[in-house]
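Worksheet: the structure to be examined is printed underneath.
Bear in mind the structure is a predicted one, so any value in this text is a computation, not a measurement. All values below were derived from every heavy atom in this structure, side-chain atoms included, with hydrogens, water molecules and symmetry-related copies excluded.
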Amino acid sequence: MPSIPFPIELMALILEAVDVPSLSRCMQVCKQFQSIIQESSSLLYKMSLFSAQMSDNELCDWDLSSRLEAIRRHTDAWNNLRFPIRKQIPMAHDLVIDKGQDWDLVGGVLVQTRPPHGGISCVQMPCSVKDIPECRWITSIEFRIEHFAIDVAQDLLVAIELHQGMETLGRNHVHLRSLTTAICGPYVGIIFGVALHSRTTFVIWDWRNGNQTMLIEDPRFTSFTFISDELVLVSFVDDDGDVEYLCELRYPRFRGDVRELLITSAPSPTSAGRDTPARAPFAHSSMDVLFTVILCPMDLGLGTVLLVPRSTILSQVSSVAGSPQKYLEWESWGPRGSRMLELDPSQVWTRHSYGHKNCQLSSFTLEAYVNGDENQKRARPVRCRCGYIFART
């Protein structure tokens, strides 16, 4: 095929406006296109970011070649699980070690509560690829934190204080704290009650003005996460309540009683791409994020981790729009739109998902789980929902 009579520089500028899937197809059109793309640092950087589910950080002052080298090193480290820095950080107290409570990994920062002192301790994980140094600090708070959530982009700490006195038994205080000065993003959601064992109350507030935007009483919700500012995903097991929802995604039938059903996702819809230090060359992309659904059986056999991209959930919501049938059986959405992994119950707190990556220890008891015993084979089937999806308004 003869060369196209356009200046190479002009063709490169035209290709800059093309999305990454189209660039990949252009590389297969002719050798000239392939050569232009492979010799352009900006196009290669764009394609590398897309492949790694990252977005460029315009605040970083690195030149283009340094950014390209960094994203390549980052991708290689994750693909081969070979990292240049390894740190062993002790957990702060026994509740973290024994039960996995009161800690979180937020945008590369390990956050732990500090009983009985109150407050939280933070360790910013170092990263040689992004030139992020290790940093440690303590934020003092005058009460003991029972549970907490942090949104870096909103500059917001939500801390729950549980009163233990006889006169205040069962009373919770929800504290909202700005970690620096600016606050944005309006919604905070909390499930009150003991999931799987009693009824619960699910509430969402606009924390800026204190207005309640959603209240659902008496369901057996076990966990929830925000899909966007307008959509919420909640999980439950065999709920018989009359709840109006936008869409229901059903889980495969499970033989046996369920001990735990938990949905998580990180970063939050408002945080994606905004939880990385300004000196880092790239950050997690807001294009998509994994939702993880953890199911643990009561008999302590192997559980499962279901990995569902946000794009899968949104496409299912669109598919039932305007339809009288709002539920989707597992066979219609799960096999092609998600991935399921085995999980030992003891490893629930040793796994973590962020962006489009899920990390967990390898499982060693798959054969025992597959074979099962006679009691397990005769156990009743339990219907689990990956979740109801509600429109917040």
Side-chain angles (χ1 to χ4, degrees), residues 20-21 23-24 27-28 34 37-57 60 62-90 104-110 123-135 264-267 272-273 275-277 279-292 294 302 304-312 338-344 346-366:
V20 172
L23 281 177
S24 298
M27 292 184 67
Q28 303 174 22
Q34 184 183 59
I37 295 171
Q38 290 180 340
E39 294 177 5
S40 170
S41 296
S42 61
L43 293 177
L44 291 177
Y45 181 57
K46 180 178 179 179
M47 297 177 72
S48 298
L49 288 175
F50 181 87
S51 177
Q53 292 289 321
M54 295 287 176
S55 59
D56 186 46
N57 182 8
C60 179
W62 291 19
D63 59 40
L64 189 57
S65 60
S66 299
R67 293 172 188 249
L68 178 59
E69 174 63 20
I71 189 63
R72 285 174 168 173
R73 289 172 56 200
H74 177 274
T75 302
D76 180 70
W78 276 104
N79 287 345
N80 298 288
L81 293 181
R82 291 198 302 263
F83 304 102
I85 296 178
R86 298 189 180 205
K87 297 289 294 187
Q88 185 170 355
I89 300 174
D104 200 1
L105 190 60
V106 185
V109 177
L110 176 65
V123 181
Q124 178 178 273
M125 301 298 187
C127 178
S128 62
V129 173
K130 298 181 182 180
D131 194 27
I132 300 175
E134 179 179 331
C135 183
T264 61
S265 68
D275 58 357
T276 299
R279 64 190 301 167
F282 44 82
H284 286 274
S285 173
S286 60
M287 290 188 300
D288 212 348
V289 66
L290 280 181
F291 288 75
T292 61
I294 302 172
L302 272 184
T304 61
V305 175
L306 182 68
L307 307 177
V308 190
R310 181 193 291 148
S311 55
T312 293
S338 65
R339 174 171 294 185
M340 186 175 290
L341 308 173
E342 292 83 15
L343 179 70
D344 191 295
S346 64
Q347 299 173 0
V348 169
W349 303 112
T350 59
R351 57 151 302 281
H352 188 73
S353 292
Y354 196 88
H356 233 263
K357 295 182 176 66
N358 175 72
C359 298
Q360 67 184 65
L361 297 177
S362 299
S363 180
F364 300 101
T365 53
L366 176 59

Test item: I71 and T75 side chains (from C-beta on) under 4.5 Å apart, heavy atoms: yes

Taking only residues two or more places apart in sequence, or in another chain, which ones meet H356 in a side-chain hydrogen bond (donor to acceptor under 3.5 Å, both in side chains)? none

Atom CZ of R339: over 12 foreign heavy atoms under 6.0 Å: no

If you round to the nearest 0.5 Å, how far is CZ of F83 from NE2 of H74? 8.0 Å

Nearest-0.5 Å distance, CG of residue D63 to CD of residue E69: 11.0 Å

Please walk me through it: do L290 and V308 pass side-chain contact (heavy atoms from CB on, under 4.5 Å)? CA-CA 6 Å; L290 280 181; V308 190; over 6 Å; no

Partners passing side-chain hydrogen bond (donor to acceptor under 3.5 Å, both in side chains) against D131 (at least two apart in sequence or in another chain): R279

Taking only residues two or more places apart in sequence, or in another chain, which ones meet N80 in a side-chain hydrogen bond (donor to acceptor under 3.5 Å, both in side chains)? D76

Those residues at least two apart in sequence (or on a different chain) that pass side-chain hydrogen bond (donor to acceptor under 3.5 Å, both in side chains) with S338 are none

Mind checking the OG-CG spacing from S353 to N358? Nearest 0.5 Å is all I need. 3.5 Å

Donor-acceptor contact present, side-chain Q124 to main-chain P133, <3.5 Å: yes

Can you name the residues that form a salt bridge (Lys or Arg N to Asp or Glu O under 4.0 Å) with E39, not counting sequence neighbours? none

If we only count heavy atoms from C-beta on, is the P309 to T312 side-chain gap below 4.5 Å? yes

Check: V109 and M125 side chains under 4.5 Å, non-hydrogen atoms: no

Interatomic distance, M54 atom CE to H284 atom NE2 [nearest 0.5 angstrom]: 4.0 Å

To check you understand the geometry: which heavy-atom pair defines the closest contact between F282 and K130, and what is its length? CE1-CE, 3.4 Å

Looking at every non-hydrogen atom in both residues, tell me the closest pair between M27 and I37 and how far apart they are. CG-CD1, 3.4 Å

Are any of the side-chain heavy atoms of T304 and E342 separated by less than 4.5 Å? no

Let me have the donor-acceptor pairs involving side chains of residues 41-51, under 3.5 Å, with sequence neighbours excluded, atom names and distances please.
residue: S42; atom: OG; partner: E16; partner atom: OE2; Å: 2.2
residue: S42; atom: OG; partner: S40; partner atom: OG; Å: 3.1
residue: Y45; atom: OH; partner: D56; partner atom: OD1; Å: 2.8
residue: Y45; atom: OH; partner: P281; partner atom: O; Å: 3.4
residue: K46; atom: NZ; partner: E16; partner atom: O; Å: 2.8
residue: K46; atom: NZ; partner: V18; partner atom: O; Å: 2.5
residue: S48; atom: OG; partner: L44; partner atom: O; Å: 2.8

Point-to-point distance, once rounded to the nearest 0.5 Å, from CG of L343 to CG of L306: 12.0 Å

